Amino acid sequence: MKNKKPNLKTIEEPARQLEVYQEAEVVVVGGGPAGVSAAVAAARNGADTVLIERYGHLGGMATGGLVILIPHLSDGTERLAIAGQQKEWLDRLAPLNGVIHPPGDSIGSSDPKLVKQWGGYRFFVVDGKIRLSAYVDPEMLKCVLNDMVLDSGVTLCLHSWGCRALMDGDSIMGVTFESKEGRKAVLGQVIIDATGDGDIFASAGADHDATLDPKLRSSKLALVFRVGNIDYERFRAYKGKETQTTSIYETGSEESSYAKTMGELNRLGGFTVTMPTPRKDVVWFNNWIPDLSCLNVKDLSRMETETRKKMLLTYNFFRENVPGFEDSFILDTASQVGTRGSRRLIGEHILTEDELRSGTAYEDTIALFPPLTCNASPEKPNRCIPYRSLLPRNLDGLLVAGRCFSSDLVANDIMNLIPPCVAMGEAAGTAAALSVRHGVAPRAVDYTKLRDRLVDQGVPLPELP
Ligand SMILES: Cc1cc2nc3c(=O)[nH]c(=O)nc-3n(C[C@H](O)[C@H](O)[C@H](O)COP(=O)(O)OP(=O)(O)OC[C@H]3O[C@@H](n4cnc5c(N)ncnc54)[C@H](O)[C@@H]3O)c2cc1C
């Protein structure tokens, strides 16, 4: 037997030569809503593009995390507030029976018949008007995202974990990734960090903040699961009116039997949020633990084991106490930990809560998003994201898209939903392609050209201030 090693606190990893797996113009790390959109936009705008994703499918939280609600794509009028690639998801999912949403000609309507028809889905009706929001089938979405990426000519590296930025002074020139082939490098002129957690910008030395606020949704790690073979009509009748607010706790209508039943579940130590899905016999459940970090192995392990216990408690309780669940079964659990909050870039512009609440528009707006709880109005205008929130302060060759974009905690909590992440990805990919084409750094991309390209791609943007 070898002698026991001394009690080492660190150990030196020997330096080694890495094979360059591929050289591209644009390299996107992370294949969630932001990363897919970035890669597709870069490739459609003419850039030779590689997309690196650690798992075997695309979609991030929207597929592997079973986050199936895509909310607030219109602002209360018939106008769409987010379109572009986000709309393309819905259009491609429709023939696969992979999505449910109110039809295009009902958007903005307050017709009582339509409001009654769609009121059973959370976020389909806001302030008495039909909004475009959608529930998607995560398995169909995986297929659609594969098609979008491959059709646009992106080179896809699945089962490849992006590790570290490769730097040339203050410029990023590529990334290393780890796979069953070992550790290799991919080089690019522009790198887009769409890992959600800012893995690449952190290793590049970009300024960032990883604090969490236990009061906000972004500090909750979640396990989403789906229950199949339920009798949805009986469940709906028992549950009563679907809440149309953003409240995350399942309460049911006040004093209803459902509210009392949920009170009993709470007393037993369980809680949940349920949502409908595109299939009538399947219901979506979410349970979570607050104040945990998805960057911490102990927290992640605790979350995976404790939420699974909570899931069993909740599911058994529903089967025994809630009409419609008698013959149900647990269909699946999310293969990816449910996480919204992580590292946030400290970029050229830090989007703030005040700016969002006052509807500040920028000279470089790349996306807008309607307020969640009410229809957009002069008092509650759409919220905007500037291009500068995707740009690090101190590094070149790097763009950031998705939930790790430059924002304060509350602004991030409001804007890390799927539609803004898709919109950020589409803008980052388009900007990266323009940066390559015109031979300028991402921060020097001409905003007028970027805006024109985004508008051509169907992205709604506000009038210039
Ligand atoms: C429980 C829960 C409920 C939610 N509810 C809603 C909702 O109803 N509607 C809504 O719009 N939003 C909701 N959200 C928020 C939303 O899902 C996310 O904020 C959004 O998906 C973020 O998109 P993203 O592309 O930035 O990141 P992610 O979706 O996290 O995607 C990141 C991708 O990068 C990959 N990746 C990460 N690190 C690496 C690496 N080092 N190398 C390679 N690949 C890597 C991941 O595997 C993943 O595919 C919810 C989130 C949770 C957790």
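These figures come from a predicted structure and were not determined experimentally. Count residues from 1 along the sequence. Indexing begins at 1, ligand by ligand and atom by atom, following the structure's order.
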For this session: Could you walk me through whether His72 and Phe123 pass the ring pair (Phe, Tyr, Trp, His ring centres under 6.0 Å) test, one step at a time?
Result: CA-CA 7 Å; His72 310 303; Phe123 299 128; 5.0 Å; yes
Under 4.0 Å from ligand 1, counting heavy atoms only, is it the side chain of [X], its backbone, both or neither?
{"X": "Asp199", "result": "side chain"}
{"X": "Trp161", "result": "both"}
{"X": "Ala194", "result": "backbone"}
{"X": "Thr195", "result": "both"}

What residue and heavy atom of the protein are closest to [atom], and at what distance?
{"atom": "atom 36 (N) of ligand 1", "value": "Arg54 NE, 3.4 Å"}
{"atom": "atom 19 (O) of ligand 1", "value": "Asn416 O, 2.4 Å"}
{"atom": "atom 17 (O) of ligand 1", "value": "Met61 CB, 3.3 Å"}
{"atom": "atom 30 (O) of ligand 1", "value": "Arg403 NH2, 2.9 Å"}
{"atom": "atom 34 (O) of ligand 1", "value": "Gly30 CA, 3.2 Å"}
{"atom": "atom 51 (C) of ligand 1", "value": "Arg340 CG, 3.4 Å"}
{"atom": "atom 25 (O) of ligand 1", "value": "Ala34 N, 3.0 Å"}
{"atom": "atom 13 (C) of ligand 1", "value": "Val67 CG1, 3.4 Å"}

For this session: Using a 4.5 Å cut-off on heavy atoms from C-beta on, say whether the side chain of Leu409 contacts that of Arg344.
Result: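 Heavy-atom side-chain distance check passes, below 4.5 Å.
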Ring centres under 6.0 Å, that's the criterion: do [X] and [Y] meet it?
{"X": "Tyr315", "Y": "Phe285", "value": "no"}
{"X": "Tyr21", "Y": "Phe177", "value": "yes"}
{"X": "Phe124", "Y": "His101", "value": "no"}

With heavy-atom distances below 4.0 Å as the criterion, list the atoms of ligand 1 near [X].
{"X": "Leu69", "value": "7 (C), 8 (O), 9 (N), 10 (C), 11 (O)"}
{"X": "Thr339", "value": "53 (C)"}
{"X": "Cys421", "value": "22 (C), 23 (O), 26 (O)"}
{"X": "Gly402", "value": "26 (O)"}
{"X": "Ser160", "value": "43 (C)"}
{"X": "Ala222", "value": "1 (C)"}
{"X": "Gly162", "value": "40 (C), 41 (N), 42 (N), 43 (C)"}
{"X": "Gly32", "value": "25 (O), 31 (O), 33 (C), 49 (O)"}

Exercise. What orientation do Phe201 and His208 show, parallel under 30°, tilted 30 to 60°, or perpendicular over 60°?
Worked result: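 If you compare the ring of Phe201 with that of His208, the planes turn out tilted.
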Does the residue [X] have a heavy-atom contact with ligand 1, meaning some pair of atoms that are separated by less than 4.0 Å?
{"X": "Pro71", "result": "yes"}
{"X": "Gln336", "result": "yes"}
{"X": "Gly64", "result": "no"}
{"X": "Ile70", "result": "no"}
{"X": "Asp197", "result": "no"}

Exercise. Is the closest side-chain donor-acceptor distance between Thr77 and Asp75 under 3.5 Å?
Worked result: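 Yes.
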For this session: State, without any angle test, whether Asp413 and Ser218 hold a side-chain donor-acceptor pair at a distance under 3.5 Å.
Result: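 Yes - a donor-acceptor pair under 3.5 Å links their side chains.
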For this session: Before giving the answer on salt bridge (Lys or Arg N to Asp or Glu O under 4.0 Å), spell out for Glu139 and Lys142 the whole-Å C-alpha distance, their side-chain angles and the decisive distance to 0.1 Å.
Result: CA-CA 5 Å; Glu139 291 306 319; Lys142 287 177 187 170; 3.0 Å; yes
Exercise. Heavy-atom count around Asp170 CG within 6.0 Å, excluding the residue itself: above 12?
Worked result: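 Check fails, neighbour count at 12 or below.
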Exercise. Can you name the residues that form a ring pair (Phe, Tyr, Trp, His ring centres under 6.0 Å) with His349, not counting sequence neighbours?
Worked result: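 Once residues adjacent in sequence are excluded, the partners of His349 under the ring pair (Phe, Tyr, Trp, His ring centres under 6.0 Å) criterion are Tyr362.
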Problem set entry | Electrostatic pair Asp213:Lys215 at N-O distance under 4.0 angstrom |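 Salt bridge present between Asp213 and Lys215.
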For this session: Indicate yes or no: does an N/O atom of Ile418 lie under 3.5 Å from an N/O atom of ligand 1?
Result: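 Yes, Ile418 has an N/O under 3.5 Å of an N/O on ligand 1.
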Problem set entry | Polar atom proximity, Val224 to ligand 1 (N or O, under 3.5 Å) |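 No; every N/O pair is 3.5 Å or more apart.
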Exercise. If you measure from atom 48 (C) of ligand 1 to every heavy atom of Glu53, Arg217, Arg122, which option wins on shortest distance?
Worked result: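 Selected option, by shortest heavy-atom distance: Glu53.
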Problem set entry | Value rounded to 0.5 Å, distance of CG in Asp137 from CG in Leu66 |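 So the gap between those two atoms works out to 10.0 Å.
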Exercise. So, Gln85 side chain and Ser37 main chain: donor-acceptor pair closer than 3.5 Å or not?
Worked result: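 Indeed, once roles are kept as given, a pair shorter than 3.5 Å links the two residues.
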Problem set entry | Side-chain donor or acceptor of Ser160 paired with backbone N/O of Leu158 under 3.5 Å |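 Judged by distance alone, yes, a pair lies under 3.5 Å.
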Problem set entry | All side-chain hydrogen bond (donor to acceptor under 3.5 Å, both in side chains) counterparts of Ser342, not counting sequence neighbours |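 So Ser342 forms a side-chain hydrogen bond (donor to acceptor under 3.5 Å, both in side chains) with Asp197.
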